[in-house]
Structure formats: C-alpha cells, structure tokens
Protein chains: 2
Amino acid sequence: MHAEDLAEEFPVVDINSDALEAAKLLAERRLPGIVVCDREGHPHTVLPGSQVVRFLVPGYVQDDPSLAGVLSESLADRIAEKLGGVTVKTLLGDEKRELARVNADDTLLEVAAVMARMHSPLVAVVAGDSLVGVITAARLLDAALHR
Amino acid sequence: MHAEDLAEEFPVVDINSDALEAAKLLAERRLPGIVVCDREGHPHTVLPGSQVVRFLVPGYVQDDPSLAGVLSESLADRIAEKLGGVTVKTLLGDEKRELARVNADDTLLEVAAVMARMHSPLVAVVAGDSLVGVITAARLLDAALHR
C-alpha cells in the first residue's frame, strides 16, 4: 500500500483568496485545516483553524486571556472586522509553516516518518507539483491497524 | 453565548488504559486527538494522533525519513510491536503537553484567547474538575460566523 492509496480529497484554497471564505470553509466542514496553494496551484502550506483564531485575538489578550473580558467586542465582531477584505496570505502571517509532503508512491512507513518528524496532523500527497490528496494521522493509523 | 453552550462530547481515555485501544479509537472515529484523564478522572492532557504516529517511528527514521525504506517492517508490524501491552501514559512520552482549558461560563472570546495562546486545535471545557466537553477551532469559528 502506498500514499496515493490512502490520500483523501481535501479542500484547497488559493493563497490570494478571501480570508473570510476560507474561515467559512473551515467552519462549515469542521476541518482542522485547509491546504493553501500558491498562484501556480502548487500546494504551499497548511492553514490550521487555530491560526485563524489567533488572527482574531489581539496580542495582549493572547498574552493574558483574562483580558478578553474587558474587550467590548464579541468574537463575531472581531471576525467581521479582522477578516473583511483580507487574503489568506495575510491570515497565514509571517510564521513559515512548512508543508509536510510525501510522494504518491511512498510507503505508509515513509508517510509516518514525515508526519512524525514534522509533528503534523496531516501530510499532503503530491505527484510532481500537483496535490493528489491528504492523509491524516487517524487515517494512517486506521490503515495500519486493518492490514 | 458561553463555552458550555458550544462544548461537544468527546472521547476520553484513562491515562493508564491500553495504548492500542486508544489508537483504535482515534483511527475508527477519525479523531485528531483524545482527551486523557488522570486516575481521578480529571482531564489531564490531549493525546494527538500525530503523537501516536511518532511513537511508532524509530528516532533515526524521524531524523531521516528516507531511511524508512530500509526498515524491513511495515507500519502495521510496528503498531503490533510497539503498542502491545503499553499504556497511554507511555505513549504520551516525556513531552509535557499542557491541556488548553476554559471554564464553562467563559465567553467565546475567552475561549479564542486560550486557543490562540496555546496554538491548540481544541480546548477542554471544565466545570470544577470535571470535563463538560471540547470545543474545536472549527466549531468556535462556526459559532462566531453565525451570530
């Protein structure tokens, strides 16, 4: 069994697309993250849901969550205010999040090695520069448990 | 709206329970992680699926995933060998993973602040020492988008 046999279809957004639409996709499909492609359509990085949440919370409140109580705005207000007219690229911020990726013909142990090395909950399966799909840790464990 | 209104039921395992059973639970329900409770039943930490995968891959293969190809064992072999007779506590390893937690009556912005601060894809909602449920980043965004 190889990576391509386990790869599942996964939502992909363009790095220059609308941040609010990406947040809606994460929310509606209850995804832990979305694969972000560059302008050539090549898989570039993953936008985790927690990163969207980070973007909504002012730095001083992240440092001291008890200050959330003194903000007059709700989280709903923050979403409208912070995500309006912003791209996914802005949402990603400066933190360089390397995409965990494997080749379509890699073995499950190779997939596990890459996932383990990068502490990543998912890896992108690529053939050349194209995204074949995504493998989550749970899917990988399920496949190995049922062999 | 408060944390308790968003909290969803989530699988919980005891820290001294069987590691293989925990891996099966993650795999079958396609979960990104499981809440681990201590022997008093209080929520203690989260076991991410990627940590289970890490446990299965030898350190030298994590350092150089290309070495996965030279191992004679499959990932299925590694699961049987490494998880048999082991507890969840062993799986967690030495890395101390602080549980992101909020109180049942915290606001959504307070939940977001804790999630952002800890870069966590989920937070445990507690009342006293008891687990009320769990809130994922996607669920939090969904609630804020629909207010």
Side-chain angles (χ1 to χ4, degrees), chain A residues 1 20 23-24 26-33 48-58 61-69 71 73-79 102 106-122 136-147, chain B residues 1 20 23-24 26-33 48-58 61-69 71 73-79 102 106-122 136-147:
Chain A
M1 193 182 282
L20 190 56
K24 283 182 184 166
L26 277 166
E28 277 158 23
R29 298 186 52 178
R30 295 294 162 84
L31 299 166
S50 56
Q51 173 62 22
V52 182
V53 173
R54 265 177 88 77
F55 189 79
L56 299 173
V57 179
V61 177
Q62 290 182 36
D63 293 340
D64 182 358
S66 73
L67 292 178
L71 281 184
E73 300 165 307
S74 71
L75 188 62
D77 297 332
R78 300 284 308 172
I79 284 193
V102 296
D106 282 350
T107 67
L108 301 199
L109 193 56
E110 286 172 304
V111 175
V114 170
M115 195 176 274
R117 177 188 170 84
M118 298 183 63
H119 294 247
S120 176
L122 55 83
T136 63
R139 176 134 170 101
L140 180 64
L141 291 171
D142 195 49
L145 282 162
H146 287 94
R147 281 203 50 211
Chain B
M1 193 182 281
L20 190 56
K24 283 182 184 166
L26 277 166
E28 277 158 22
R29 298 186 53 177
R30 295 294 162 85
L31 299 167
S50 55
Q51 173 62 22
V52 182
V53 173
R54 265 177 88 76
F55 189 79
L56 299 174
V57 179
V61 178
Q62 290 182 35
D63 293 339
D64 182 358
S66 73
L67 292 178
L71 281 185
E73 298 165 309
S74 70
L75 188 62
D77 297 332
R78 300 284 307 172
I79 284 193
V102 296
D106 282 350
T107 66
L108 301 199
L109 193 56
E110 286 172 304
V111 175
V114 171
M115 195 176 272
R117 176 189 171 85
M118 298 182 65
H119 295 247
S120 175
L122 55 84
T136 62
R139 175 133 170 101
L140 180 64
L141 290 171
D142 194 50
L145 282 163
H146 287 93
R147 280 201 51 208

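Only this structure's heavy atoms are used, side chains among them; waters, hydrogens and symmetry mates stay out. Naming convention: chains lettered A, B, ... in sequence-line order (proteins, then strands); numbering from 1 in each chain.
- The shortest heavy-atom contact between B:R54 and A:A116 is NH1-O, 2.6 Å.
- The two residues A:G49 and B:A137 come nearest to each other via the heavy atoms C-CB, 3.6 Å.
- The two residues B:L31 and A:A138 have their closest heavy-atom pair at O-CB, 3.6 Å.
- In this structure, CG on A:L26 lies 10.5 Å from CG on B:D142, to the nearest 0.5 angstrom.
- Using a 4.5 Å cut-off between heavy atoms, B:L145 touches chain A through backbone and side chain atoms alike.
- Put simply, the side chain of B:V111 does not reach to within 4.5 Å of the side chain of A:V53, judged on heavy atoms.
- In this structure, chain B has a heavy atom under 4.5 Å from the side chain of A:L71, while its backbone stays farther away.
- Going from atom CZ of A:R30 over to atom OG1 of B:T136 covers 6.0 Å, rounded to the nearest 0.5 Å.
- Using a 4.5 Å cut-off between heavy atoms, B:R78 contacts chain A through its side chain alone, with no backbone atom that close.
- In terms of heavy-atom proximity, A:S50 sits nearest to B:S120 at CB-O, 3.5 Å.
- Contact annotation for A:Q51: neither backbone nor side-chain heavy atoms come within less than 4.5 Å of a heavy atom of chain B.
- B:D77 does not touch chain A: none of its heavy atoms, backbone or side chain, sits under 4.5 Å away.
- Of the residues considered (A:V102, A:D63, A:L20, A:T107), A:D63 shows the highest number of contacts with chain B, using heavy-atom pairs under 4.5 Å.
- For the set A:V114, A:L122, A:L109, A:I79, the count of heavy-atom pairs under 4.5 angstrom toward chain B peaks at A:L109.
- Scanning both residues, A:E110 and B:P65, for their nearest heavy atoms gives CG-O, 4.2 Å.
- Note: A:R117 leads A:K24, A:R117, A:E28 in heavy-atom pairs under 4.5 Å with chain B.
- Atoms CG and CE, from B:L56 and A:M115 in turn, are 11.0 Å apart once rounded to the nearest 0.5 Å.
- A pairwise comparison of heavy atoms in A:A68 and B:A113 identifies CB-CB, 4.5 Å as the closest pair.
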